[in-house]
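For reference, positions follow the sequence shown, starting with 1.
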Amino acid sequence: MSVKYIRSILLILISIFSVMVNGASKNSTKVLTFTAIPDQDQSQLRLRFQQVADYLSAELGVQVNYIAVKSYAAAIGAFRNNQVQLAWFGGLSGVRARQLVPGSRAIAQGIEDREFKSYFIAHHSTGLSRSDSFPQGIAGKTFTFGSKGSTSGRLMPEYYIRQQWQRSPQQLFSAVGFSGDHSLTINQVQAGAYQVGAVNYQVWQSMLAAGKIDLSKVSVIWQTPQYTDYQWSIRAGLDSEYGAGFSDKIQSVLLQMSDPQLLKQFPRSGFIAAANEDYQAIKETAIALDLLQP
């Protein structure tokens, strides 16, 4: 066997080894990125979800990064553009995101998300008090929703307003605002900037427990019937990037999350499996209100 031939064989083997090493290195440095809709004070979101990123990294064996976004629309855009592959969405934002990336799916929801609700809150100057029936006295008042894309802060409250009066919020109220998130809605109504508002019930309870709500200035006057809301959604095509079964592995890791400190970041008592079909009623409501194309 000639020296030239042996040298050729060695060069081929070195080339194959190099490809294998580089491929392994590439796989080991892959990064899974997720985001969450900014439904509360953004200064708290990074602190909350970095803990979740650390948990996912350890359980999945890949680097997981959390990125903050400034709006619901930005969260949907990041999902559409593959800047994030996993997202903690509200009901409506999840439906919108999955519609933009066919094949994407809802994989997990909080136990509480099967029976979610919104609170209508009012400034004490309105004289409105809590009632089991829809608060007729809010007509003619100033009213603020949360984000325009929020399920609990806009979609479902508007649905019940229109159902009650067969009129749009703009026709019913003297002024209509969109605060951007639930924390701001509470702060604006508490300050009297708006007389009435609609908020996520969990954000209200969290802020109340933290001593950030003055019940002498603002209170809950009505809660909506229950509906399905938040969920984790995963982008289509993830298995082709990370390997067969990776999407199911992410779902399993989320469903097994049991650390009270981690669950507190949502806040949820645990997670259960979810599917796109669970949000069909949200989709139909959004289409009926012209907030989503069929």
Exercise answer: donor-acceptor pairs, residues 285-294 side-chain atoms, under 3.5 Å, sequence neighbours excluded:
residue, atom, partner, partner atom, Å
Thr285, OG1, Ala281, O, 2.8

Point to revise | Side-chain donor or acceptor of Thr185 paired with backbone N/O of Phe145 under 3.5 Å | key: yes

Check your understanding: Between atom OH of Tyr194 and atom CD1 of Ile121, what is the distance when rounded to the nearest 0.5 Å?
Key -> 13.0 Å

Practice item. With sequence neighbours excluded, tell me which residues meet ring-ring contact (aromatic ring centres under 6.0 Å, His included) with Phe34. Key: Tyr66, Trp232

**Study point:** Distance-only side-chain donor-acceptor flag, Thr228 / Asp278, under 3.5 Å
**Key:** no

Check your understanding: With ILVMFWY side chains joined below 4.5 Å, transitively, what does Leu184's cluster contain besides itself?
Key -> none

**Study point:** Option passing side-chain hydrogen bond (donor to acceptor under 3.5 Å, both in side chains) with Tyr230 (candidates Asp113, Asp39, Thr151)
**Key:** Asp39

Exercise for review: Classify the side-chain pair Ser118/Gln223 by whether it contains a donor and acceptor separated by less than 3.5 Å.
Suggested key: no

Exercise for review: Determine, for Asp248 against Arg105, whether the closest basic-nitrogen to carboxylate-oxygen distance falls under 4.0 angstrom.
Suggested key: yes

Exercise for review: Would you mind checking if Asp229 and Arg114 are paired as a salt bridge, meaning a charged N to carboxylate O distance below 4.0 Å?
Suggested key: no

Practice item. Go through the side-chain N and O atoms of Gln109 and Arg268 and say whether any donor and acceptor fall under 3.5 Å apart. Key: no

Review point. Does His182 reach the main-chain N or O of Val199 with its side chain, forming a donor-acceptor pair under 3.5 Å?
Key: no

**Study point:** Qualifying residues under side-chain contact (heavy atoms from CB on, under 4.5 Å), relative to Ser252, sequence neighbours excluded
**Key:** Gln256

**Study point:** Test item: Asp239 side-chain N/O and Ser247 main-chain N/O as donor-acceptor pair under 3.5 Å
**Key:** yes

**Study point:** Side-chain touch Pro38/Val69, heavy atoms, less than 4.5 angstrom
**Key:** yes

Review point. Do the side chains of Phe116 and Ile111 join up, straight or via other hydrophobic residues, at under 4.5 Å, putting them in one cluster?
Key: no

Check your understanding: Do the side chains of Ile161 and Leu172 get nearer than 4.5 Å, heavy atoms only?
Key -> yes

Check your understanding: Does the side chain of Arg98 pick up a donor-acceptor pair with the side chain of Ser233 at under 3.5 Å?
Key -> yes

Point to revise | Members besides Val31 in its Ile/Leu/Val/Met/Phe/Trp/Tyr cluster (side-chain heavy atoms under 4.5 Å) | key: none

Point to revise | Backbone of Ser183 reached by a side-chain donor or acceptor of Asp181 within 3.5 Å | key: yes

Review point. Between Phe173 and Arg167, is there a cation-pi geometry (under 6.0 Å to ring centre, at most 45° from the normal)?
Key: no

Check your understanding: With Phe120, which residues qualify under ring-ring contact (aromatic ring centres under 6.0 Å, His included), at least two apart?
Key -> Phe134, Phe143, Trp222

Point to revise | Check: Gln195 main-chain N/O paired with Thr126 side-chain donor or acceptor under 3.5 Å | key: no

Point to revise | Side-chain donor/acceptor of Gln85 to backbone N/O of Ile234, under 3.5 Å | key: no

Exercise for review: State which residue, out of Glu277, Lys283, Glu284, fulfils the side-chain hydrogen bond (donor to acceptor under 3.5 Å, both in side chains) condition with Gln280.
Suggested key: Glu284

**Study point:** Heavy-atom donor-acceptor pair, Gln265 side chain to Gln261 backbone, under 3.5 Å
**Key:** yes

Point to revise | Ring-face cation contact, Tyr242 with Lys30, 6.0 Å cut, 45° max | key: yes

Check your understanding: Looking at Phe266 versus Phe271, is the centre-to-centre ring distance below 6.0 Å?
Key -> yes

Exercise for review: Indicate yes or no for a side-chain donor-acceptor contact from Gln188 to the backbone of Ala193 under 3.5 Å, with no hydrogens or angles considered.
Suggested key: no

Exercise for review: Taking the six-membered ring of Tyr159 (Phe, Tyr or Trp), confirm whether the NZ or CZ of Arg154 is under 6.0 Å from its centre and within 45° of its axis.
Suggested key: no

